[in-house]
Number of protein chains: 2
Amino acid sequence: MVTLRDVARAAGVSLATASRAMSDAPHVSAANRAQVARAAESLGYRPHPAARALTTGSTGTVGLVVPDLANPFFAAVAKGVQARARETGREVLVADTDEDVTVEPDVITRLGDRVDGLVLCSPRLPADRLGPLLAAADGPVALVNREAPDAPSVSFDIADGVRQALDHLRALGHDVVAYAGGPRSSWSDAERRTALARLSTGTTGDAVLDLGSFRPTHGGGVQAADLALAAGATAVLCFNDLVALGVLARLHARGVATPADVSVVGFDDVAAASLVTPALTTVAVPLARAGRVAVDLLAGGSPEPEHRRLSVELVVRASTAPASPAVTDSRPLSTDPEVAIR
Amino acid sequence: MVTLRDVARAAGVSLATASRAMSDAPHVSAANRAQVARAAESLGYRPHPAARALTTGSTGTVGLVVPDLANPFFAAVAKGVQARARETGREVLVADTDEDVTVEPDVITRLGDRVDGLVLCSPRLPADRLGPLLAAADGPVALVNREAPDAPSVSFDIADGVRQALDHLRALGHDVVAYAGGPRSSWSDAERRTALARLSTGTTGDAVLDLGSFRPTHGGGVQAADLALAAGATAVLCFNDLVALGVLARLHARGVATPADVSVVGFDDVAAASLVTPALTTVAVPLARAGRVAVDLLAGGSPEPEHRRLSVELVVRASTAPASPAVTDSRPLSTDPEVAIR
DNA sequence: TTGTACGCGTTATCAG
DNA sequence: CTGATAACGCGTACAA
């Protein structure tokens, strides 16, 4: 291994001068600066991260905690974090909690010792458990997709997304729209619900049906679809795209046409949303952007935590269409054995 | 910050003894060991990773390099790496090259300085560029989903997967099966092709049509589907599930029924494969397992690099069925405006 | 502007 | 079994 001492020797200067030259510090003659640079280059010198961390206290690393790397939502955020960190010369240490909120404190402390700051995606950790966690963290923490008073955060303008979706559906003539909600402990589900509540008390008097809470997965959507049908909804707004995809699949399996019979709207605009048939109408959310912003938030050492809210946009695709008479359970199931329900 | 010195002081022993006690080293009296443990516990002592790394030379960190974190294939591998690293008390530093092989050398050296070993997923880096890269790496490197003479690797029994898929298709009566290949520079595509070549010179004389190389994405599948139809194939085996999903979508859009008219087989068994309609028949590949094995391979300091090949299994779902008379371009397009081609 | 010397927190070596 | 003490590689007061 080639150390700074080797570089200094080769350049004919002292260790201190070499150090200053490498870190572009002032008080170094142009000649020496060039000498050192040349020596470092030719020797293939690379500073030892641990040694640097030991003296400076900064590791050049950001941590990322997500519930599930295989979930396209978090994968997209991770890409953004990754990209921004790399641009700013930092590396990213990633931890997947496997959807288990009980391990989060441990993961956070373990990671916390090795990083300069932490990007935390923990949609389902109860608010009262989040506070202590933030307090225990020694470095800066940036929250993604949720807000809290004590930490900077980047989230999305969910209320506006819900509004756009509802406007779209109502313009299409849907009076009975149902909401397939996410986990009760989810901050962003709460956001959707309050937005929905505010929007459904409008002058038109249209209310939106609460189908309940579902696991934020394909399976959750399957359950929600049955309930939506039973309730006679002509449109269903989903907690996220995974749920929407499940609704789509279940509707298809039960012989209900989408969007002819019922319209479906998702949330997030995950990659799969545009690839499925029919392509999903969904509220596009700048996931990667959020990841990038989160790492920038780590640096901002303002006293008051900064809360950035990114705007969202409804993407209309093929899963929504003008309302037709309600479809209920009395509708005959398909006789095609491929799609029939036993 | 509480250091080991504080612990030693509190326990009434020297720094050296405290160090030994903490690292479960021998030559420490049971009494002192307990004292130190108690002191560390009550003070909330956590060893400083950088300091430890500086002296030991080991960082307790493994690196992971992938082309795209948002690709479900790599996301699954990443989960495995993550899980195994955590189990063994290590953290993982992840780098996403964004499918750009030209940045890989840089990424690898940057990461290499901070980790004890590197798990490298680089399916498309040309073999002649991989060799030098491995030579330049200072720590151990484990390859995932490709093999090379100079590094340990974990890959899949692709030949057997292809065989299983082909057997399945032939048993269903498909004489004309087409292969929608992946990138030419891909090691695993080459594996599929040689397996295919060996299998198609059998006594039956059935050959498999080579549709060409496609981008390993949904879009690639769309292109492949048109070619498969033009060639009159009754079944198409795809490079991976993303391609297969593209084929499925395109077939549907062109009014060709799956699996009634043409069967489709994927590769990898990514999560989406079982969620789509019709559910995809595909060769399941233990992605997460591979990730776990890869981190274990890093530790094994054998002189000869170890090459582990994981077995795969065809999962028969709804996208394959007995062959029907070939469908060609002469077949009338659907008149349903939803699916018609302009 | 340059060099010397100390400290960062740990582990490891060597006497006791 | 225990305790000083010397590294590890680098940044940085302080002195020159």
Side-chain angles (χ1 to χ4, degrees), chain A residues 1-40 43-61 89 91 109-110 112-116 138-139, chain B residues 1-37 39-40 43-61 89-91 109-110 112-116 138-139:
Chain A
M1 155 173 259
V2 36
T3 76
L4 189 58
R5 169 171 262 104
D6 301 323
V7 174
R9 190 161 10 221
V13 301
S14 81
L15 201 58
T17 303
S19 174
R20 283 188 280 257
M22 289 307 294
S23 32
D24 288 317
H27 305 304
V28 178
S29 73
N32 276 342
R33 200 180 292 277
Q35 278 298 326
V36 171
R38 197 163 312 126
L43 291 182
Y45 168 74
R46 275 144 23 196
H48 194 300
R52 191 195 293 258
L54 191 55
T55 47
T56 64
S58 164
T59 60
T61 299
E91 305 297 330
T109 56
R110 276 181 50 175
D113 291 335
R114 314 183 146 272
V115 302
D116 295 337
D138 23 34
Chain B
M1 154 172 260
V2 36
T3 77
L4 188 58
R5 168 170 262 103
D6 301 325
V7 175
R9 190 161 11 225
V13 300
S14 79
L15 195 57
T17 302
S19 174
R20 282 189 281 256
M22 289 308 293
S23 33
D24 287 318
H27 306 303
V28 179
S29 73
N32 276 344
R33 201 180 292 276
Q35 278 297 327
V36 171
L43 292 182
Y45 167 73
R46 274 146 22 197
H48 193 301
R52 192 194 289 257
L54 190 56
T55 46
T56 63
S58 164
T59 60
T61 299
R90 286 172 285 181
E91 305 297 330
T109 56
R110 275 181 51 176
D113 291 335
R114 312 181 148 276
V115 302
D116 294 337
D138 23 34

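The model shown is predicted, which means the values in this text are computed figures rather than measured ones. So that the names make sense, note that chain A is the first sequence line, chain B the second, and so on, each numbered from 1.
With a 4.5 Å cut-off on side-chain heavy atoms, B/Met22 and B/Leu4 count as touching.
Interatomic distance, A/Arg20 CZ to A/Asn32 CG, rounded to the nearest 0.5 Å: 10.0 Å. Interatomic distance, A/Leu54 CG to A/His48 NE2, rounded to the nearest 0.5 Å: 10.5 Å. Taking CD of A/Glu91 as the start and CZ of B/Arg110 as the end, the distance is 4.5 Å to the nearest 0.5 Å.
At least one donor-acceptor pair under 3.5 Å links the side chain of A/Thr3 to the backbone N or O of A/Arg5. Between the side chain of A/Thr59 and the backbone N or O of A/Ala53 there is no donor-acceptor pair closer than 3.5 Å.
Direction of the helix axis in the helix from C/dT1-D/dA16 to C/dG16-D/dC1 shifts by 40° between the two five-pair termini, rounded to 10°.
Counting to the nearest Å, the C1' atom of C/dT2 and the CD atom of A/Gln35 are 15 Å from each other. Put simply, CZ on A/Arg33 is 13 Å from C1' on C/dT2, counting in whole angstrom units.
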Short heteroatom pairs, N/O only, protein and nucleotides 9-16 of chain C, under 3.5 Å:
| from | atom 1 | to | atom 2 | distance (Å) |
| --- | --- | --- | --- | --- |
| C/dT10 | OP1 | B/Tyr45 | OH | 2.6 |
| C/dT10 | OP1 | B/His48 | N | 3.1 |
| C/dT10 | OP2 | B/Leu4 | N | 2.5 |
| C/dT10 | O5' | B/Tyr45 | OH | 3.2 |
| C/dT11 | OP1 | B/Arg52 | NH1 | 3.1 |
| C/dT11 | OP2 | B/Ser19 | OG | 2.9 |
| C/dT11 | O4' | B/Thr55 | OG1 | 3.2 |

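Note on A/Thr17: a side-chain N or O is less than 4.0 Å away from OP1 or OP2 of C/dG3. When the side-chain nitrogen and oxygen atoms of B/Asn32 are compared with OP1 and OP2 of D/dT2, one or more of them lie within a distance under 4.0 Å.
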B/Arg33 vs B/Asp24, side chain to side chain contact (heavy atoms under 4.5 Å, CB included): CA-CA, chis, key distance, verdict: CA-CA 8 Å; B/Arg33 201 180 292 276; B/Asp24 287 318; 4.2 Å; yes

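In terms of the side-chain contact (heavy atoms from CB on, under 4.5 Å) criterion, residue partners of A/Thr56 (sequence neighbours excluded) are, by chain and number, A/Arg52, A/Ser58.
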